[in-house]
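Everything below concerns the one structure shown next.
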Amino acid sequence: MARSTALFLLSNLAFGASAARSFALPSPLSRILPNGSVNNNMNASKRTQVISSAASVASFTRGGTITIDTARNYPNQQHQGPVDAPSSSSSAGSIQRGGGGKAADASDEKKGASMAASTFNLVNNVAGAGILTLAAGKASGTGWIPSVAIVASLGWAASTTFRMIAKACDLTGENDFKGIWSKTLGDDTKFLVDCAIMFQCFASTVVYSGILGDVWTPIFKIAGLPDSINMRKSNIVALATLVLYPLSLIKDLSALAFTSILGFSAVAYTVLFIVIRSMDGTYALNALGEPIGKFVADGTIALPSFAKSTLWNLDFTSLVLMSSLGLAFIAHYNAPTFYRGMDKPTIPRFGKMVKTSYAILVVTYCLAMCSGYATFGDVCKGNILLNYHASDILAQLARVSTGFSIMFGFPLVFRGARLAFTSVADTLGFKDLGKHHRALVTALMVVITSIAITVEDVSLIVGLSGATMGSLLVYILPPIMWTKAVKMAHGADSVEYKKERLNLAFIPLGLFIAGMGVFMTLKSKA
């Protein structure tokens, strides 16, 4: 009864979220760049397509933010993002009050994205294949109500810190995350930004590779590939060698522009499919726990089990779900670009857009999490698509759409990892590493593929990276930069600084989620 009530309420909430997404669809990304930069000349349609593709498909992993270097393909790109080069020549020092921004001129406002378009773009940038891991996070033992409350609470927290970055952007006049960091905390430590991106992107590429092995193996089985060669590990190696490696060697990613709508469609269809299967009874058990659904009657898949299902349980196992959500709400690197890219950007207007976007994300995540758990209960796998029967056509379509979306999105994510790696290497004195493109791509692909075939459960990587990088980028760095900006602008004794200093409370929250999240994730997989 509790499951059906929860799903009924969430389904009604989803109607409003779906309407909002449909209304925002016609305007893809506009002037919002995925590498944390603002371009003052967006007349080149090819560049707009590439950037739109990067923002949507590259996020089709743990809802993560992927940094893409569009500037190297398009010379007139301005204010390069955190991976490519220092975003600003400014360093930590005094900040003039009422920053307002370097790129905010009359022509920019006319070309900015509308409220509806900005909302769609942000949702599209954040939502990703990490949705597939949420049911497993709940299956660790968290009750129905606390599960929804955790998703909503972390969504609120992420939206709050997201707005902090935009406010810091407005106050300092900077145009990207790295520029704000340099202005408030100095150039000497900005390499930490590159390190954070590097680890996040590497984790994302490993998750990509792992999910590809998960989704294509059952598809190849249906296609008639013999079990002797149709194995997850061998498929990951084959896909990495024959598909991902050649795509990752590409320097001009404009050919992948079509993946923007593919990524969005894959997410939307997968969530809809999960909800449908939770309600149509095809995986249902009777009151005695006996299989009656057509996809569980033959006993070829794990039967649903709800032994841990409770309404209110909340304990340390809930940290597994919190870790799974660690990267679910990340787009914080792009906050300045979303802000600068809005039509008539103001902090109140931006705040309204962010709150709406994150509300849609919360409803979407709750739907996927609760529907997946309502179908399979405690046996939910780290990738929920692995639970569905091989003969389930809708499940096969979900796997195919996810597989193609991830396959063509991989080079976008990999590019962010590669550029972050070369930036960190440059800081350490290895100046020429980026010149050896093919050798570097080969070495990184070997490392990524080796990890992907070793770690069979992608939710482990999701949990660890979410607990660490998610906590750092969402809960720790934004309040540090924002309060520092306020202090520099208004003074340590000002009312403004004393008020905003309360936001530093997010830091111990982030540290707690990081430490305990890693511990509980490892414990749950032991």
Side-chain angles (χ1 to χ4, degrees), residues 33-37 54 58 64-75 77-93 172 174-206 244-245 248-253 332-334 336 410-452 461 464-465 468-473 476-477 480-481 484 514:
L33 311 187
N35 70 333
S37 60
T65 301
I66 304 303
T67 303
I68 307 298
D69 173 20
T70 56
R72 299 194 179 188
N73 287 332
Y74 307 103
Q77 170 79 28
Q78 300 182 18
H79 302 300
Q80 295 181 20
V83 170
D84 308 298
S87 59
S88 173
S89 59
S90 61
S91 58
T172 62
E174 292 297 324
N175 290 323
D176 56 60
F177 195 100
K178 193 171 182 179
I180 299 172
W181 179 276
S182 297
K183 192 70 169 282
T184 56
L185 298 167
D187 290 334
D188 293 339
T189 57
K190 65 185 179 183
F191 75 93
L192 294 174
V193 175
D194 290 328
C195 289
I197 293 179
M198 181 182 70
F199 285 116
Q200 180 189 337
C201 287
F202 271 120
S204 298
T205 54
V206 172
L244 301 184
Y245 177 66
S248 298
L249 288 172
I250 298 175
K251 294 184 178 181
D252 183 353
L253 300 179
H332 290 57
Y333 255 90
N334 296 335
F410 183 92
L412 299 169
V413 184
F414 181 84
R415 190 182 182 91
R418 175 174 58 82
L419 292 173
F421 182 81
T422 55
S423 182
V424 173
D426 184 76
T427 302
L428 297 176
F430 300 95
K431 304 291 185 181
D432 298 328
L433 188 61
K435 296 180 180 179
H436 307 286
H437 178 70
R438 182 176 293 272
L440 180 59
V441 170
T442 303
L444 294 179
M445 282 297 302
V446 168
V447 173
I448 290 168
T449 305
S450 298
I451 297 175
I461 302 297
L464 294 178
S465 60
T468 53
M469 292 300 101
S471 297
L472 179 66
L473 296 172
I476 298 175
L477 298 187
I480 290 176
M481 292 190 297
K484 181 66 173 180

To the nearest 0.5 Å, how far apart are CG in Leu185 and CG in Leu477?
8.5 Å

Run Phe414 and Leu244 through side-chain contact (heavy atoms from CB on, under 4.5 Å) and show every step you take.
CA-CA 9 Å; Phe414 181 84; Leu244 301 184; over 6 Å; no

Output the distance between atom CG (Leu444) and atom SG (Cys201), rounded to the nearest 0.5 Å.
11.5 Å

What is the minimum heavy-atom distance between Val413 and Ser204, and which atoms define it?
CG1-CB, 3.6 Å

Non-hydrogen atoms of Gln200 and Met469 that approach each other most closely:
N-CG, 4.0 Å

Look up atom CZ in Phe177 and atom OG in Ser182, then write down how far apart they are to the nearest 0.5 Å.
11.0 Å

Taken to the nearest 0.5 Å, the spacing of Leu440 CG from Arg438 CZ works out to 12.5 Å

Determine whether Leu192 and Trp181 make a side-chain contact, defined as any pair of heavy atoms from C-beta on separated by less than 4.5 Å.
yes

By side-chain hydrogen bond (donor to acceptor under 3.5 Å, both in side chains), Ser450 pairs with (sequence neighbours left out) none

Which heavy atom of Ala514 sits nearest a heavy atom of Ser471, and at what distance?
N-OG, 3.6 Å

Rounded to the nearest 0.5 angstrom, the CE-CZ distance for Met445 and Arg418 is 12.5 Å

Within the structure provided, determine whether Ile250 and Pro411 are in side-chain contact (heavy-atom separation under 4.5 Å).
no

Once you round to the nearest 0.5 Å, how far does CZ of Phe202 lie from CD1 of Ile451?
8.5 Å

Donor-acceptor pair, Ser423 side chain versus Leu419 backbone, under 3.5 Å?
no

